[in-house]
Amino acid sequence: MTSGVDKWFKIAVNIKYLDISTVLQIGQSFRWVYNGETNEYISSINLDHDKTFDIVKLKQDDKFMYYTSVNNNNNKQLLHTWVRSYFLLDIDRKQLFEHWKIKDPKHFSNLSHIEPLCSSCCILQQDPWETLLSFICSSNNNISRITKMCHTLTELAGDEIPNCDQLSPLYTFPNSGQIIKVLTESILRENGFGYRAKYIIETAKKIVDLKLKDGMMELSDSQYLKWKISGSPYLEAREFALAFSGVGPKVADCFLLMGMGYHDVVPVDVHVNRIAQRDYKITSGSSNNKKTQIAKLKLEYTKYPTTRRKINFDLDLIRLFFRDLWGAYSGWAQAIFFAKEVGSTSGIVDGSVSKRKLLIKTEDDNSAVTKRIKVK
DNA sequence: TGTAGACCTGCAAGG
DNA sequence: ATGAGCAGGTCTACA
């Protein structure tokens, strides 16, 4: 076990540029536990998408992000690589903003208004398998329950990680094999998963079957997903993702954006839909132009039967509108508008003893980002 | 082929 | 104290 003194490594990141208290709680990742006394975030992390997990801690001040691993020798190089990759630090957010200012001046030109939201402009590059399951849990659901469900999944089917020096034990995120071995739909239902219980079991089964069929049983689920999908055009990747139970267009796009690195994907949910209609005047009516566009998509999607069955063409046009407007990192731009629109709430803190609420103001009053801390 | 309802659960918001 | 309504949707059963 550790001596009680963590050896922290650090990386220069201005908090105005990237604020982990926003990014980790905005509803992208659901398994970071915040410790209000130490101001640290902790989670079990699959550092290289392999089969071993580390306990990772993160914290931040104005100029630096600090990171450490509680077990596995605190491998600096591995951690460093993971942090850069998880937060996608090599992507130049300032350059993205410059691009968006040119492409969408109406909504990005007033940078003083937008600037407070820069800190939330970060799409995390998460573990593919965990991302897929997390977002299956997310459908028609709220962040605090999604968070709870993700933790429950680890407790029910993951492995307890020894010596992690925490008040409550931490577990690995279960792989597909563990899920089908240990869990059933009724167990998940008893544990509050509701109708998503079935989707989780079916999805885990499908991954096991696919790996078997492809002769790739030695790969972890995430390695398999990357092997299967990486490099594919978006439409093919989405077709593959949509074939899973409980995965519709929104969940598939979240998975591809946050788990598979498809940065130009804008997941269209009720909020993005509302933004499109209200701020961009995307009509829900049926103009000739729109009918033409849909007819074109229908033709194109005949090659993709699952997509054809599950897609909503009106919403898909909104995705395409934003992709064409914002470009290669349109998914990141969407994160800014999403944060502005709904703010965020987060889940468990210190073993669910208390709860933290973080709110980003949404009024059109050019106000700065405000945060509210609420402790039960 | 397209479109209403149903669907688990927990929580805020308003009365 | 109580309970309708909703939450970053998806699935199924019908016309």
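Computed over heavy atoms, backbone and side chain alike; hydrogens, waters and symmetry mates excluded. Here is the naming used below: chain letters follow the sequence lines, and residue numbers restart at 1 for every chain.
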* Salt-bridge contact A/D279-A/K106 (side-chain N to carboxylate O under 4.0 Å) -> no

* To do: Determine the contact category for A/V272: base if any of its heavy atoms lies under 4.0 Å from a base atom, sugar-phosphate if only primed atoms, P, OP1 or OP2 are that close, otherwise nothing.
  => nothing

* Counting side-chain heavy atoms from C-beta on, which of C/dG8, B/dC8, C/dG9 comes nearest to A/R196? -> B/dC8

* Structure fact -> To the nearest angstrom, the CG-C1' distance between A/L297 and B/dT1 comes to 16 Å

* Asked: Does a sphere of radius 6.0 Å around NZ in A/K310 hold more than 12 heavy atoms from other residues, nucleotides or ligands, not counting ones at 6.0 Å or beyond?
  -> yes

* In whole angstrom, give the distance that lies between atom CG of A/N141 and atom P of B/dG10. => 10 Å

* Taking for each residue the nucleotide of DNA chain C with the nearest heavy atom, is it A/Q334 or A/F244 whose nucleotide lies nearer the 5' end? -> A/Q334

* Asked: Do any side-chain nitrogens or oxygens of A/K310 fall under 4.0 Å of OP1 or OP2 in C/dC11?
  -> yes

* When the C1' atoms of B/dG5 and C/dC6 are considered, how many whole Å apart are they? -> 16 Å

* On DNA chain C, check which nucleotide each of A/S138 and A/G246 is closest to and give me the residue with the more 5' one. => A/S138

* Side-chain N,O (A/R145) to OP1/OP2 (B/dA12) below 4.0 Å -> no

* Structure fact -> Here the distance between atom P of C/dG5 and atom CG of A/N142, to the nearest Å, is 18 Å

* Touch check for A/V268, heavy atoms < 4.0 angstrom, all strands: base, sugar-phosphate only, or nothing? -> nothing

Under-3.5 Å N/O pairs linking protein and nucleotides 5-7 of chain B:
none

* Of the options A/F322, A/W100, A/F108, which is the one that meets A/F337 in a ring-ring contact (aromatic ring centres under 6.0 Å, His included)? -> A/F108

* Heavy atoms under 4.0 Å, any strand shown: does A/R308 hit a base, just sugar-phosphate, or nothing? -> sugar-phosphate

* A/R274 CZ - C/dG8 P separation (whole Å) -> 10 Å

* Asked: Is it true that A/E185 and A/K198 have a side-chain N and a carboxylate O under 4.0 angstrom from each other?
  -> no

* Asked: With rounding to whole Å, what would you report as the distance between C/dC11 and B/dG10 at their C1' atoms?
  -> 22 Å

* **Nearest-Å distance for atom pair CZ/P, residues A/F338 and C/dG8** => 6 Å

* To do: Salt-bridge test for A/R238 and A/D316: reply yes if a basic N is under 4.0 Å from a carboxylate O, no otherwise.
  => yes

* Separation of C/dA7 P from A/D269 CG (nearest whole Å) -> 10 Å

* **Residue-level proximity of residues 320-333 of chain A to DNA chain B when a heavy atom falls under 4.0 Å** => none

* Structure fact -> All heavy atoms of A/D253 vs all of A/Y234, minimum pair found to be OD1-OH, 2.6 Å

* How far, in whole Å, is B/dC11 from C/dT10 if one measures between their P atoms? -> 23 Å

* Asked: Between A/F337 (CZ) and C/dG8 (P), how many Å, whole number?
  -> 19 Å

* Structure fact -> Among the nucleotides B/dC11, C/dG9, C/dG8, whichever has the atom closest to the side chain of A/C254 is C/dG8

* **Ion pair A/K16/A/D62, N-O distance below 4.0 Å** => no

* For atom P, what is the distance between B/dC8 and C/dA13, given to the nearest Å? -> 14 Å

* To do: Remember a base hit wins even if backbone is also touched, and classify A/Q28 as base, sugar-phosphate or nothing at under 4.0 Å, heavy atoms.
  => nothing

* With the threshold set at 4.0 Å, does a side-chain nitrogen-carboxylate oxygen contact exist between A/E130 and A/R31? -> yes

* To do: May I ask you to check whether A/Y262 and A/F255 place their ring centres under 6.0 Å from each other?
  => no

* With Watson-Crick and G-U wobble geometry limited to distances under 3.5 Å, how should the secondary structure of DNA chain C be encoded in dot-bracket form, using | for bases paired to another strand and [ ] for crossing pairs? -> ....|||.|||||||

* P gap between B/dA6 and C/dG5, integer Å -> 14 Å

* To do: Mark yes or no for whether A/R93, through its side chain, and A/I91, through its backbone, hold a donor-acceptor pair below 3.5 Å.
  => yes

* Structure fact -> Between the CD1 atom in A/I143 and the CD atom in A/Q28, the distance rounded to the nearest 0.5 Å is 10.0 Å

* Gap between atoms NZ and P, on A/K291 and B/dG2 respectively (whole Å) -> 13 Å

* For residues A/F9 and A/H80, establish whether the separation of their ring centroids is below 6.0 Å. => no

* Asked: Just wondering, are more than 12 heavy atoms of other shown residues or ligands nearer than 6.0 Å to CD in A/E218?
  -> yes

